[in-house]
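First up is the structure itself, then whatever we jot down about it.
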Amino acid sequence: MAGKTRARAAEAEEVDQADITMEDAPPSAQKPGYSQEEGSAMQEDEGEENDVAGEEEEEEEEEEEEEEPQRVRILPGSTETAASFEFLKEGHTLGNALRYIIMKNPGVEFCAYTIPHPSEDKMNLRIQTYDTTTATAALAKGLQDIEDLCDVVADEFWTQRDKFNAAQNK
Amino acid sequence: MDYDNMMLDGESLGPTVKISAADSTHVDFELTNVDLSFANSLRRVIQAEVPTIAIDLVEVEVNTSVLADEFVAHRLGLIPLDSREIDQLNYTRDCDCENSCGKCTVQLTLHAKCTSDEVMKVYARDLIVGIDRPNNHIGNPVITDPDGLGSLICKLRKGQEIKLNCIAKKGIAKEHAKWSPTAAVGFEYDPHNKLHHLDLWYETDAATEWPKSKYADWEEPPAEGEPFDFNAVPSRFYFEVEGAGNIEPDAIIQEGIKELQKKLAGLIHGLGENDGMNGDYDGPRSPDAMDGGVGWQDQGYTTPYGNAGNASAWGGGAATAYGTTPYGNSGGGW
């Protein structure tokens, strides 16, 4: 993959030169016979020029990248405040409750979940936050909030059970 | 326990539970001031994810009964076994042992032969439970009938014999329903259908044709001509948990909540470990800001005006306010 990526970068340079003469032309009009990939590479390249700071941040993220099977993963294409998470072996049990509790977080603009395909044991969660927090932080808070809610409900259930039993034995 | 009550719907009272009936196999309770999603999570978790023990492997030595081996094995699997304090038992897949051991399995044996002219009935009480187990009740067949017989396994005629060895393992109902701690879970809210979550079919009048829920008296019926409140959310949930006998009903709820918390704790742990992974990957992608799903790449057609696709005089595929687009693969971080 890395090799392929480098090759594309080279192509992107080539495209960039072509761009000197055809500044704002769309990829389809650049040169006859351009493939989709090349076209997108060019666009990516222009993007880099315009947002160097953003690119540096993303490079840092790549260094942490680890190819291990893990329960939660951020899907590529996510940013700090707008991210999609992929949960393995989770379903509606967690998804809907998590969606609700994250939506309750005032720093969160949007949260939704989906099970993309019923025969894949995966659950995707989308979080978009305001600038006050990050998507990952909102997810961590959401998980912690449900855990605390569980504590409260478990406690309440057990005290009511004891009360009920006491009343029955009278 | 710093759960913020302000997060909840309702009058920030916090969740409350009211138990209306309970016995050795049932518990009926009302859960209030939680969201539908949480109440449903609780229902789902107690139905499918509370671990119990059930017969999973059967070695048949002799079976001259009229039932096929696999038929008997299936019946054995469905016998409820005492699953109290299941925490003391490991999942076989997590256990250190090779195949099975006393820390992750319970052995049960059955040997019955009919010698009389009458039909012999073989019951769950005839299962002999092995001694190598974490405590002296786990894996016992659940016997609740007054005669102390337990579930009927098979019937034998004169000369027929059944001899087998069973290995019971810990599992959850998501894998197989035999591991279910519950026989049924009733889950109900909004008995007057004020929220219109149901669209009741009727001939002439839904109110008279549909039977009233037993919880209808617990809530105010809608006033005559009351306008539909489209902002209303359910907040009172009526549970009727019926246990299968392997765990007490109150413990099922407790274990269910515990199981939900284990799930969350596992995820919190996993999230702390690794959360930067925006790398190269061919699978699903996060929808990128402002991309609208299409348009960054050549769409496969062009117009004679050389201005196809989304690229326009506004700057082609250049960056949006959200920075570079992650589509395509630059040599950079994406």
Side-chain angles (χ1 to χ4, degrees), chain A residues 1 5-6 8-9 12 24-29 36 39-41 43-48 50-51 54-55 58-59 61-62 64-66 70-79 82-84 93-94 96-97 100 104 116 136 140 143 146-154 156-157 160-161 164, chain B residues 1-3 7 14-17 19 22 35 37-38 40-41 44-45 250 253-254 257 260-261 263-264 266-268 270-271 274-281 284-286 288-289 296-298 302 306-309 311 313 315-319 323-334:
Chain A
M1 197 65 199
T5 312
R6 219 164 284 129
R8 280 189 195 163
D24 296 333
S28 51
Q36 285 196 358
S40 65
Q43 288 173 345
E44 182 70 11
D45 202 51
E46 284 187 357
E48 272 173 53
N50 287 314
D51 195 345
E55 198 68 11
E58 285 138 24
E59 270 167 27
E61 273 179 2
E62 194 188 39
E64 293 165 27
E65 194 185 326
E66 197 80 83
Q70 58 210 359
R71 297 289 304 286
V72 200
R73 201 184 55 166
I74 300 179
L75 292 178
S78 301
T79 63
S84 296
T93 308
L94 193 80
N96 198 14
Y100 163 77
K104 280 275 163 193
T136 317
L143 290 166
I146 307 185
E147 192 146 6
D148 295 342
L149 174 58
C150 283
D151 277 334
V152 172
V153 174
E156 170 71 8
F157 180 80
Q160 291 301 320
R161 180 202 95 107
F164 182 84
Chain B
M1 204 167 303
D2 51 354
Y3 183 73
M7 300 262 307
T16 51
V17 170
I19 298 176
D35 186 64
S37 60
F38 180 78
N40 194 41
S41 291
R44 288 175 66 96
V45 90
D250 49 1
I253 315 290
Q254 203 188 23
I257 296 172
L260 198 56
Q261 285 182 313
K263 218 185 234 291
L264 293 161
L267 285 169
I268 291 170
L271 201 63
N274 190 338
D275 50 11
M277 58 210 89
N278 262 329
D280 283 338
Y281 167 65
R285 293 179 62 89
S286 178
D288 303 297
W296 287 117
Q297 299 183 346
D298 185 1
T302 53
N307 213 359
T324 177
T325 70
Y327 271 121
N329 280 303
S330 70
W334 292 100

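Note on naming: letters A, B, ... go to the chains in the order of the sequence lines (proteins, then strands), and numbering restarts at 1 for each one.
- Scanning for side-chain contact (heavy atoms from CB on, under 4.5 Å) contacts around B/Asp250 gives A/Phe157, A/Trp158, A/Arg161, B/Glu248, with sequence neighbours left out.
- Heavy-atom minimum distance, B/Gln261 versus A/Glu147: NE2-O, 2.9 Å.
- A distance of 10.5 Å separates OG of B/Ser37 from CG of A/Leu94, quoted to the nearest 0.5 Å.
- A/Gln160 places no side-chain N or O within donor-acceptor distance of the main-chain N or O of B/Ile19, the cut-off being under 3.5 Å.
- Atom-to-atom distance recorded for B/Ile257:CD1 and A/Asp151:CG is 9.0 Å, nearest 0.5 angstrom.
- With values rounded to the nearest 0.5 angstrom, A/Arg71 atom CZ is found 7.0 Å from B/Lys263 atom NZ.
- Highest contact tally toward chain A, considering only B/Ile253, B/Val45, B/Asn40, B/Leu260, is held by B/Ile253 [criterion: heavy-atom pairs under 4.5 Å].
- Nearest heavy-atom pair across B/Phe38 and A/Cys150 is CE1-SG, 3.9 Å.
- In terms of heavy-atom proximity, A/Thr136 sits nearest to B/Leu271 at O-CD2, 4.3 Å.
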